[in-house]
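Whatever order the structure lists ligands and atoms in, that order sets their numbers, starting from 1. Reckoned from all heavy atoms, side chains included, excluding hydrogens, waters and symmetry mates.
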Amino acid sequence: MKGALKYTIYKISILIITIFLVSKYMDRDEYTLSIIKPDATSRNLTSEINEYFINNGLRVVEQKATTLTRAQAEEFYAEHKARPFYNDLVEYMISGPVVVQILSGKDAIAKNREIMGATNPANAIPGTIREKFAESVERNSVHGSDSAESAKREISFFFNYDEVTNK
Ligand code: UDP
Ligand code: MG
């Protein structure tokens with residue numbers, strides 16, 4: 001075989017392998033942190049809320065019930081420290097048990113935000129969790145990571161990130 005032909009075949013093979021690896025990488029599942037908040041756990045809504053995730057193609061891959069300490073709630077919501085609702089939010093988040101969970105699936109971070117609905121239930125579209133269950137802008141039933149960076153930070157806050165995402 002001529003050298004030039006061999007080289008072309010070599011280049012095409014590298015291209016095919018690259019396309020394969022890139023498409024596999026883009027297709028991989030995402031992971032996001034969800035919290036079923038105290039207003040929802042107190043009304044026993046965990047199973048009903050989980051149905052929203054499952055029916056929309058997300059998997060609940062980790063789940064544990066816990067009650068946040070004040071220090072945990074303050075740190076988890078540190079980005080909102082300067083906001084007027086911060087102190088009330090922390091009080092509310094430690095007022096009862098929560099269920100922290102990892103959801104996975106294609107585009108899980110954005111998909112979960114869609115399933116949750118707007119922060120203020122008055123603006124949440126029908127068919128979303130917050131439209132159905134939220135009691136107010138504060139007592140809005142669920143938390144969901146808002147970006148890939150938040151998801152990594154928030155999953156690591158409650159779980160061993162590498163252990164879960166490398167399964
Ligand atoms: N929150 C509140 N009052 C507000 C805005 C937010 O009590 O005016 C609470 C609410 O529980 C919300 C949380 O603070 O879910 C975090 O706010 P964020 O803007 O991050 O909303 P989310 O990402 O939860 O939709
Ligand atoms: Mg947020």
Looking only at distance, does T119 have an N or O less than 3.5 Å from an N or O of ligand 1?
yes
Got an N/O contact under 3.5 Å between K37 and ligand 1?
yes
Show the atoms of ligand 1 that are less than 4.0 angstrom away from any heavy atom in R113.
22 (P), 23 (O), 25 (O)
Taking the minimum heavy-atom distance to atom 14 (O) of ligand 1, which of L89, V142, V137 ranks first?
L89
R130, portion touching ligand 1 at heavy-atom distance under 4.0 Å
side chain
I want to check something: taking the side chain as every heavy atom from C-beta on, are L58 and I54 in contact at a cut-off of under 4.5 Å?
no
Are F158 and F76 an aromatic pair by the rule of ring centers under 6.0 Å?
yes
Atom 8 (O) of ligand 1 has as its nearest protein heavy atom F85 CD2, 3.7 Å
Looking only at side-chain N and O atoms, does N112 offer a donor or acceptor that is under 3.5 Å from a partner on T32?
no
Does a salt bridge link K152 with E30, judged by any charged N lying under 4.0 Å from a carboxylate O?
no
Numbered in order shown, the ligand 1 atoms found under 4.0 Å of a heavy atom of N140 are 10 (C), 11 (O), 12 (C), 15 (O)
N/O of E138 under 3.5 Å from N/O of ligand 1, yes or no?
yes
Looking only at protein heavy atoms, identify the closest one to atom 19 (O) of ligand 1 and say how far it is in Å.
H80 CE1, 3.8 Å
Check E91 with R70, please: is the shortest side-chain N to carboxylate O separation under 4.0 Å?
yes
Are any of the N/O atoms in Y77 less than 3.5 Å from those in ligand 1?
no
Among side-chain atoms of E114 and N56, is any donor-acceptor pair under 3.5 angstrom?
no
Is the closest side-chain donor-acceptor distance between K37 and N140 under 3.5 Å?
yes
Approximate separation, where rounding is to 0.5 Å, of I109 CD1 and S104 OG
11.0 Å
Less than 3.5 Å between some nitrogen or oxygen of H143 and one of ligand 1, yes or no?
no
Just to be sure I read this right, does ligand 1 sit under 4.0 Å from the backbone of R139, its side chain, both, or neither, counting only heavy atoms?
neither
